[in-house]
Novice: 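Have a look at the structure that comes next, please.
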Amino acid sequence: MRIFIIMMILLGSANYADAQKQRITFNDLYAYPMVGDIQLSPDGKNIIYMLTEYDTADGSSSSALWMIDSKGGEPEKIIEDTMGVSHPRWSPDGKDIAYISRRDEKSQVIVRNIKSGKSRQATSISTGASGVEWSPDAEKLIFVSRVFPDCESDSCNRKRQEQLDNRKSSGKLYSDLPVRHYNHWVGEKTSRLFIHDLENDTVYSITPGDYRVPPIALAGGGSYKFSPDGDEICFVMNTDSSLELSTNNDLFIVSAEGGTYTRITGNPANDAA
């Protein structure tokens with residue numbers, strides 16, 4: 001009898017402990033701020049990262065850039081934009097941060113001086129910018145923009161987009177595959193690499209043609225990179241005619257000034273990073 005009473009007490013205690021525990025719900029997890037895109041400064045003293053917070057009521061999110069001493073301490077919010085910020089990148093000398101912010105109804109590259117806190121909009125391309133990176137000498141920025149393949153100027157892209165926005169019908173006709181990749185439609189545009197020359201304030205494409213750069217993602221890792229001297233750029237591209245049946249990404253090299261590109265891999269499979 002005594003053993004039975006002890007067992008009942010232990011069982012009651014266990015049930016009480018379980019009752020005190022609360023299972024994590026979707027809203028609990030969604031309410032946690034998410035840390036991402038962690039970037040160490042060139043001198044190793046500071047870390048900049050993106051912090052995204054979510055609103056469980058309306059499903060919206062907002063992102064800001066924070067900085068913290070690499071040895072620890074109190075983090076400081078340094079860049080906040082009502083339209084959201086992403087992809088922070090230190091300049092090679094550690095004096096500036098280039099990042100993506102949604103301005104002019106399109107994502108653009110913003111450069112902010114860490115010491116003064118002053119920022120300037122580096123790009124104003126009508127098709128928007130993403131994935132910005134610095135050249136080793138900090139004189140150029142490389143970024144991605146989705147453009148119409150037959151347009152060789154920003155004015156052409158702007159006009160074509162206005163025509164699409166103003167047409168009465170919303171139907172689309174596809175003559176090749178793929179038409180959709182995971183969570184977005186491929187559409188008429190293709191991704192290209194652009195260079196923004198900071199000294200001359202000029203923007204030009206270095207990957208003309210109908211091929212996507214970067215291509216449809218098959219694996220993690222970078223898709224483009226400046227050479228250590230800044231004179232060339234290596235990038236990933238798929239030139240096969242049937243992209244829906246192909247995973248044959250290859251590496252190419254092109255001058256940072258643009259021009260003819262050279263294939264440097266011949267492996268009939270995915271070469272990247």
Side-chain angles (χ1 to χ4, degrees), residues 87 89 92 98 100 107 109 122-123 125 127-154 156-157 160 174-200 202-273:
H87 201 83
R89 292 297 183 269
I100 301 298
S107 297
V109 178
T123 65
I125 187 169
T127 48
S130 64
V132 63
E133 303 288 344
W134 291 88
S135 64
D137 57 10
E139 294 180 357
K140 295 181 176 67
L141 295 169
I142 188 170
F143 64 92
V144 177
S145 190
R146 296 188 68 249
V147 300
F148 294 97
D150 56 342
C151 280
E152 298 299 331
S153 66
D154 192 48
C156 174
N157 281 294
R160 287 282 297 278
Y174 288 90
S175 58
D176 55 7
L177 295 174
V179 299
R180 185 176 174 83
H181 182 239
Y182 287 103
N183 63 349
H184 67 274
W185 297 101
V186 174
E188 298 180 42
K189 293 180 179 178
T190 189
S191 55
R192 285 183 183 170
L193 286 181
F194 285 80
I195 294 289
H196 180 91
D197 189 312
L198 293 169
E199 183 178 356
N200 299 316
T202 56
V203 176
Y204 54 92
S205 172
I206 58 170
T207 57
D210 197 20
Y211 302 120
R212 297 181 181 93
V213 181
I216 291 175
L218 297 176
S223 295
Y224 46 94
K225 189 78 172 179
F226 273 100
S227 60
D229 59 10
D231 290 342
E232 295 179 313
I233 294 160
C234 184
F235 61 91
V236 181
M237 184 168 66
N238 188 334
T239 60
D240 285 4
S241 58
S242 300
L243 293 180
E244 72 278 8
L245 301 176
S246 171
T247 58
N248 186 24
N249 291 340
D250 280 311
L251 303 184
F252 296 79
I253 287 180
V254 67
S255 167
E257 303 300 324
T260 304
Y261 48 78
T262 303
R263 187 192 305 264
I264 63 171
T265 61
N267 173 43
N270 181 32
D271 299 311

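For clarity, every value in this text was computed on a predicted model and none was experimentally measured.
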Novice: How would you list, by chain and number, every residue that makes a side chain to side chain contact (heavy atoms under 4.5 Å, CB included) with Val144, sequence neighbours excluded?
Specialist: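 Checked Val144 against side chain to side chain contact (heavy atoms under 4.5 Å, CB included); matches are Ser130, Ser191, Leu193, Pro214, Tyr224.
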Novice: Show the nearest heavy-atom pair for residues Leu141 and Ala122, with the distance to one decimal.
Specialist: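 It is CD1-CB, 4.1 Å.
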Novice: What residues form a side-chain hydrogen bond (donor to acceptor under 3.5 Å, both in side chains) with Ser227, not counting sequence neighbours?
Specialist: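 Listed in chain order: Asp229.
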Novice: Would you say Ser145's side chain and Gly128's backbone share a donor-acceptor pair under 3.5 angstrom?
Specialist: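 Checking the backbone N and O of Gly128 against the side chain of Ser145, a donor-acceptor pair under 3.5 Å is found.
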Novice: Where do Ala256 and Ile233 come nearest, in terms of heavy atoms and distance?
Specialist: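 Looking at all heavy atoms of both residues, the shortest contact is CA-CD1, 4.1 Å.
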Novice: Out of curiosity, Leu198 CG to Asp137 CG, how far, rounded to the nearest 0.5 Å?
Specialist: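 Leu198 atom CG to Asp137 atom CG measures 9.5 Å (nearest 0.5 Å).
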Novice: How close do Arg192 and Pro149 get, heavy atom to heavy atom, and via which atoms?
Specialist: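 Smallest heavy-atom distance, with atoms named: NH2-O, 2.7 Å.
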Novice: Considering residues at least two apart in sequence or located in another chain, which fulfil the side chain to side chain contact (heavy atoms under 4.5 Å, CB included) criterion with Arg263?
Specialist: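 Thr239, Asp250, Phe252.
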Novice: Do Ile142 and Ser135 have side chains that approach each other closer than 4.5 Å (heavy atoms only, starting at C-beta)?
Specialist: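 The answer is no; the side chains never approach within 4.5 Å.
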Novice: Taking the side chain as C-beta and beyond, is there a heavy-atom pair between Arg146 and Thr127 under 4.5 Å?
Specialist: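 Contact flag for Arg146/Thr127 side chains = no.
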Novice: Judged by atom type as modelled, is there a donor-acceptor pair below 3.5 Å linking the side chain of Ser246 to the main-chain atoms of Asn248?
Specialist: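 Yes.
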Novice: At their closest point, which heavy atom of Ser255 faces which heavy atom of Ile206, and how far apart are they?
Specialist: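 So the minimum-distance heavy-atom pair works out to O-CG2, 4.3 Å.
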Novice: Do Asn238 and Tyr211 touch side chain to side chain, with heavy atoms closer than 4.5 Å?
Specialist: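 A side-chain contact under 4.5 Å is absent here.
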Novice: Return yes when atom NZ of Lys225 has more than 12 non-hydrogen atoms of other residues, nucleotides or ligands closer than 6.0 Å, and no otherwise.
Specialist: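 Incorrect, the count does not exceed 12.
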Novice: Going by distance alone, is a donor N or O of one side chain under 3.5 Å from an acceptor N or O of the other, for Asn270 and Asn249?
Specialist: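 Yes, side-chain donor-acceptor contact under 3.5 Å.
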Novice: Test of understanding: with side chain to side chain contact (heavy atoms under 4.5 Å, CB included), list the residues that count as partners of Pro136, not counting sequence neighbours.
Specialist: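 Here the qualifying residues are Phe226.
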Novice: Identify, with sequence neighbours excluded, every residue that meets side chain to side chain contact (heavy atoms under 4.5 Å, CB included) alongside Cys151.
Specialist: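 By the side chain to side chain contact (heavy atoms under 4.5 Å, CB included) rule, Cys151 matches Phe148, Cys156, Asn157, Arg160.
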Novice: Taking the side chain as C-beta and beyond, is there a heavy-atom pair between Leu251 and Val236 under 4.5 Å?
Specialist: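 They are in side-chain contact.
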Novice: How about Ser205 and Val147: do any of their side-chain heavy atoms sit closer than 4.5 Å?
Specialist: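 In short, these two side chains do not touch, never coming nearer than 4.5 Å.
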Novice: How would you list, by chain and number, every residue that makes a salt bridge (charged side-chain N to carboxylate O under 4.0 Å, His left out) with Glu257, sequence neighbours excluded?
Specialist: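 In terms of salt bridge (charged side-chain N to carboxylate O under 4.0 Å, His left out), with neighbours along the sequence ignored, Glu257 is linked to Lys140.
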Novice: Given side chains that start at C-beta, do those of Ile125 and Phe143 come closer than 4.5 Å, heavy atoms only?
Specialist: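 Contact flag for Ile125/Phe143 side chains = yes.
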Novice: Quick one, Thr207 and Tyr261 - any side-chain contact, counting heavy atoms below 4.5 Å?
Specialist: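 The answer is no, as the side chains (C-beta and beyond) never meet within the 4.5 Å cut-off.
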Novice: Which heavy atom of Ser107 sits nearest to which heavy atom of Ile100, and what is that distance?
Specialist: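 Scanning both residues completely, I find the closest heavy atoms to be CB-CG2, 3.7 Å.
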Novice: Within this structure, what is the OG-CD distance for the pair Ser223 and Glu133, rounded to the nearest 0.5 Å?
Specialist: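 One finds 10.5 Å between OG of Ser223 and CD of Glu133.
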